Trainee: 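Here it is, the structure, as structure tokens.
Source: prediction; values computed, not measured.
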Amino acid sequence: MSAPLPPGAELVAPLPALNFLHVAALPLPRGPEAPLTPLAIWDLLTARPLPLMKAAFRLRDSISARFGVARIGGFSGRRQGQPQVGDKLDFFLIERSDAEVMTLTARDRHLDVMVCITTSGGRAGITTSVKTHNVFGKLCMLPVAPAHRLILWTMMRRLRLALAARPAAG
């Protein structure tokens, strides 16, 4: 874990049972504009998919499909309408969505993944937790764990730049 758990962050399992936990956070800009919601953070994070991510997801899907795992396709960078609990954002199921917390999950027989986006205390936090269920789930996490840290670091860097470039409301 690279940062403390943000207030309100949810985990896919109790802390001692997790096989992976990563937290990234950054300060939100202060000003007269409306506070950013977790969904707005999601939109900023996924608006421009990272280079090579499409190829990485394609590789993941081709390998995982041989083991009966559903294809996920990756991040689309777009959504329609105002998603609600029970809807999907790309391959994630929305389990919670309010003004300060959005919890997204992807679960299968090999592992459960939860991404919790929080916007409280003047900070945006992304908490990713994983609970594996079998050897295949553990093997999947071998390349994913280090890649996730690099990908999220890059996405948070982009988020910081996007927030800095937002025009002030008023």
Trainee: By salt bridge (charged side-chain N to carboxylate O under 4.0 Å, His left out), which residues pair with Glu100, not counting sequence neighbours?
Mentor: none
Trainee: How close do Thr119 and Pro38 get, counting heavy atoms only, and between which atoms?
Mentor: OG1-CD, 3.5 Å
Trainee: Identify whether Leu36 and Val115 are in the same connected component of the hydrophobic contact network (ILVMFWY, side-chain heavy atoms under 4.5 Å).
Mentor: yes
Trainee: Tell me, do Arg149 and His22 make a side-chain contact under 4.5 Å, heavy atoms counted?
Mentor: yes
Trainee: Show the nearest heavy-atom pair for residues Arg107 and Thr105, with the distance to one decimal.
Mentor: NH2-CG2, 3.6 Å
Trainee: Measure from the side-chain N and O atoms of Asp87 to the backbone N and O of Ile94, and report whether any donor-acceptor pair falls under 3.5 Å.
Mentor: no
Trainee: Going by heavy atoms in the side chains, are Thr103 and Met114 under 4.5 Å from each other?
Mentor: yes
Trainee: With heavy-atom distances below 4.5 Å as the criterion, would you say the side chains of Leu15 and Leu21 are in contact?
Mentor: yes
Trainee: In the structure I gave you, are the side-chain heavy atoms of Leu163 and Arg160 within less than 4.5 Å of one another anywhere?
Mentor: no
Trainee: Is there a side-chain contact between Leu104 and Leu93, using heavy atoms and a 4.5 Å cut-off?
Mentor: no
Trainee: Leu44 and Val101: same hydrophobic cluster, using ILVMFWY side-chain contacts below 4.5 Å?
Mentor: no
Trainee: Begin from the C-alpha positions of Arg96 and Glu10 and carry the test side-chain contact (heavy atoms from CB on, under 4.5 Å) through to its verdict.
Mentor: CA-CA 10 Å; Arg96 177 179 175 187; Glu10 297 179 321; 3.2 Å; yes
Trainee: As a quick check of understanding, evaluate side-chain contact (heavy atoms from CB on, under 4.5 Å) for Val23 and Ile126, giving each step before the final call.
Mentor: CA-CA 6 Å; Val23 178; Ile126 313 291; over 6 Å; no
Trainee: Quick one, Phe92 and Val113 - any side-chain contact, counting heavy atoms below 4.5 Å?
Mentor: yes
Trainee: Ignoring hydrogens and angles, state whether a donor on the side chain of Thr128 or His148 is under 3.5 Å from an acceptor on the partner side chain.
Mentor: yes
Trainee: Once you round to the nearest 0.5 Å, how far does CZ of Arg123 lie from OG1 of Thr118?
Mentor: 9.5 Å
Trainee: Closest approach of Asn19 and Lys138, non-hydrogen atoms and distance?
Mentor: ND2-NZ, 3.7 Å
Trainee: Please report the shortest heavy-atom distance between Lys131 and Val12, naming the atom on each side.
Mentor: N-CG1, 3.7 Å
Trainee: Members other than Leu139 in its cluster, when Ile, Leu, Val, Met, Phe, Trp, Tyr link by side-chain heavy atoms under 4.5 Å?
Mentor: Val135, Leu142
Trainee: Minimum heavy-atom separation for Met141 and Thr132, please, with both atom names.
Mentor: CG-CG2, 3.9 Å
Trainee: What distance do Phe136 atom CZ and Leu111 atom CG have between them, rounded to the nearest 0.5 Å?
Mentor: 8.5 Å
Trainee: Evaluate the side-chain contact (heavy atoms from CB on, under 4.5 Å) criterion for residues Leu11 and Leu18: first the C-alpha distance (whole Å), next the side-chain angles of each, then the deciding distance (0.1 Å), finally the verdict.
Mentor: CA-CA 9 Å; Leu11 302 174; Leu18 294 177; 4.1 Å; yes
Trainee: Check step by step if side-chain contact (heavy atoms from CB on, under 4.5 Å) holds for Ile41 and Leu28.
Mentor: CA-CA 10 Å; Ile41 297 294; Leu28 290 171; 4.1 Å; yes
Trainee: For the CD1 atom of Ile117 and the OG1 atom of Thr127, what is their distance to the nearest 0.5 Å?
Mentor: 9.5 Å
Trainee: Are Gln82 and Leu39 packed together at the side-chain level, in the sense that at least one heavy-atom pair is separated by less than 4.5 angstrom?
Mentor: yes
Trainee: Can you confirm whether Leu89 sits close enough to Met102 that some side-chain heavy atom of one is under 4.5 Å from a side-chain heavy atom of the other?
Mentor: yes
Trainee: For residues Asp108 and Asp112, report the shortest heavy-atom separation together with the two atoms involved.
Mentor: O-OD1, 3.7 Å
